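Each remark here refers to the structure printed beneath this line.
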Amino acid sequence: MKCPYCPDGSSKVIDTREVGDGIRRRRECLTCGRRYTTYERLAAVNLMVVKRDGRREEFNRDKLLFGLQKACTKRPVASEDLEKIVSEIEAQLYRLGKVEVESKIIGEMVMERLRQLDDVAYVRFASVYRDFKDVEMWADEIEKLKARKQREEELKRQIPLGL
């Protein structure tokens, strides 16, 4: 592993931990003594995403993360939460065991997680994902979100604690 601070390629592993779908390693450069973190993930088979218009492109976790970051701009959402969402979705897609996945499935996975994370980010993402054409579509989505949240709150009150 090449040190990011000096050109040397020798390091020792200080700590190893499993994180989500990979391994996090703390390393120390044997030349300059500085420490850095590396992440290892299994290189899986290429997963293809089938777009709405029929085009196919390789699954790109960075593109998914960028979309989440855009939806969460100026929102109190930690970048670690977004990374976790991307890792969960990626793992779930590979568990499906398919070579091709429709973009619609990925979009719904994102929507469900954003709905639980932040209402504003959810509506922002939905506006792009569902291609809102006017303010009425925004209002409809917000009303659906409010109704769903209300149903969830009612269910929480009905379920006795300790079960």
Side-chain angles (χ1 to χ4, degrees), residues 1-5 7 9 11 13 15-27 29 35-149 151-152:
M1 177 61 56
K2 185 177 176 185
C3 174
Y5 304 107
S11 66
V13 175
D15 181 46
T16 300
R17 296 182 188 199
E18 287 189 32
V19 288
D21 64 339
I23 297 174
R24 174 187 169 272
R25 297 191 197 276
R26 282 295 290 160
R27 297 178 179 269
C29 177
R35 292 184 176 190
Y36 55 98
T37 302
T38 60
Y39 293 90
E40 298 174 18
R41 249 190 355 258
L42 181 63
V45 295
N46 291 345
L47 179 66
M48 299 302 288
V49 178
V50 181
K51 308 297 258 177
R52 290 181 193 171
D53 64 4
R55 287 181 299 118
R56 285 164 172 68
E57 63 182 50
E58 195 170 324
F59 174 76
N60 183 339
R61 70 179 278 119
D62 293 332
K63 185 175 177 182
L64 179 57
L65 180 60
F66 179 74
L68 285 165
Q69 289 169 335
K70 266 189 112 148
C72 295
T73 299
K74 296 186 180 182
R75 298 298 304 154
V77 176
S79 57
E80 292 84 23
D81 291 337
L82 300 182
E83 281 286 345
K84 182 180 175 193
I85 288 172
V86 171
S87 292
E88 287 173 355
I89 290 173
E90 184 177 26
Q92 191 174 354
L93 291 173
Y94 284 112
R95 278 194 306 269
L96 292 174
K98 298 180 179 179
V99 178
E100 293 184 342
V101 178
E102 293 180 26
S103 61
K104 175 182 165 185
I105 292 171
I106 298 170
E108 293 301 325
M109 289 177 177
V110 170
M111 297 261 294
E112 180 58 30
R113 284 167 176 83
L114 278 179
R115 187 185 63 75
Q116 295 169 10
L117 186 67
D118 185 87
D119 293 344
V120 173
Y122 167 82
V123 174
R124 284 178 180 169
F125 187 87
S127 71
V128 174
Y129 174 66
R130 294 197 174 135
D131 195 24
F132 290 2
K133 300 289 185 205
D134 56 32
V135 73
E136 287 301 315
M137 292 180 84
W138 278 83
D140 289 344
E141 191 64 38
I142 290 170
E143 286 304 315
K144 288 178 194 172
L145 179 62
K146 287 165 101 176
R148 190 170 184 173
K149 291 261 182 202
R151 282 192 310 272
E152 288 172 355

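Keep in mind it's a predicted model, so treat the numbers as computed, not measured. When reading the values below, keep in mind they use all heavy atoms of this one structure, side chains included, and skip hydrogens, waters and symmetry mates.
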Is the shortest side-chain heavy-atom distance between [X] and [Y] below 4.5 Å?
{"X": "Leu82", "Y": "Leu117", "result": "yes"}
{"X": "Lys146", "Y": "Asp119", "result": "no"}
{"X": "Glu141", "Y": "Leu145", "result": "no"}
{"X": "Met48", "Y": "Glu58", "result": "yes"}

Salt bridge or not for Arg55 and Asp53, using N-O below 4.0 Å?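 Here Arg55 pairs with Asp53 in a salt bridge, since their nearest N and O are under 4.0 Å apart.
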
Looking at [X] and [Y], what are the two nearest heavy atoms and their distance?
{"X": "Tyr5", "Y": "Arg35", "value": "CE1-O, 3.6 Å"}
{"X": "Lys98", "Y": "Leu47", "value": "O-CD1, 3.3 Å"}
{"X": "Cys29", "Y": "Tyr36", "value": "N-CE2, 4.2 Å"}
{"X": "Ser127", "Y": "Trp138", "value": "CB-CZ2, 3.4 Å"}
{"X": "Arg27", "Y": "Ser11", "value": "NH1-OG, 3.6 Å"}

Looking at Arg52, I want to see if its CZ is surrounded by more than 12 non-hydrogen atoms of other residues, nucleotides or ligands under 6.0 Å.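 Above 12, so yes.
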
Pairs in or reaching into residues 101-117: which pass side-chain hydrogen bond (donor to acceptor under 3.5 Å, both in side chains), with residues at least two apart or in two chains?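 As it turns out, the side-chain hydrogen bond (donor to acceptor under 3.5 Å, both in side chains) pairs with a partner in residues 101-117, which skip direct neighbours, are Glu88-Arg113, Gln92-Arg113, Glu108-Tyr129, Glu112-Arg115, Glu112-Gln116, Glu112-Arg148, Arg115-Glu152.
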
Under the side chain to side chain contact (heavy atoms under 4.5 Å, CB included) rule, what do Phe59 and Val101 come out as? Steps first, then yes or no, please. CA-CA 9 Å; Phe59 174 76; Val101 178; over 6 Å; no

Would Ile85 and Val110 satisfy side chain to side chain contact (heavy atoms under 4.5 Å, CB included), going step by step from the backbone distance to the final call? CA-CA 8 Å; Ile85 288 172; Val110 170; 5.5 Å; no

Roughly how far, to the nearest 0.5 Å, is the [atom2] atom of [Y] from the [atom1] atom of [X]?
{"X": "Ile89", "Y": "Leu65", "atom1": "CD1", "atom2": "CG", "value": "10.5 Å"}
{"X": "Ile23", "Y": "Glu18", "atom1": "CD1", "atom2": "CD", "value": "6.0 Å"}
{"X": "Gln69", "Y": "Leu64", "atom1": "CD", "atom2": "CG", "value": "10.0 Å"}
{"X": "Cys72", "Y": "Arg124", "atom1": "SG", "atom2": "CZ", "value": "8.0 Å"}

Under the side chain to side chain contact (heavy atoms under 4.5 Å, CB included) rule, what do Arg24 and Asp15 come out as? Steps first, then yes or no, please. CA-CA 8 Å; Arg24 174 187 169 272; Asp15 181 46; 3.8 Å; yes

Is a side-chain donor or acceptor of Asp81 paired with a backbone partner of Lys84 at a separation under 3.5 angstrom?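 No, Asp81 side chain to Lys84 backbone: no donor-acceptor pair under 3.5 Å.
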
Which pairs, with at least one residue in residues 67-78 and sequence neighbours excluded, count as a salt bridge (charged side-chain N to carboxylate O under 4.0 Å, His left out)?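 For residues 67-78: Arg75-Asp118.
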
Check step by step if side chain to side chain contact (heavy atoms under 4.5 Å, CB included) holds for Arg61 and Glu83. CA-CA 9 Å; Arg61 70 179 278 119; Glu83 281 286 345; 3.3 Å; yes

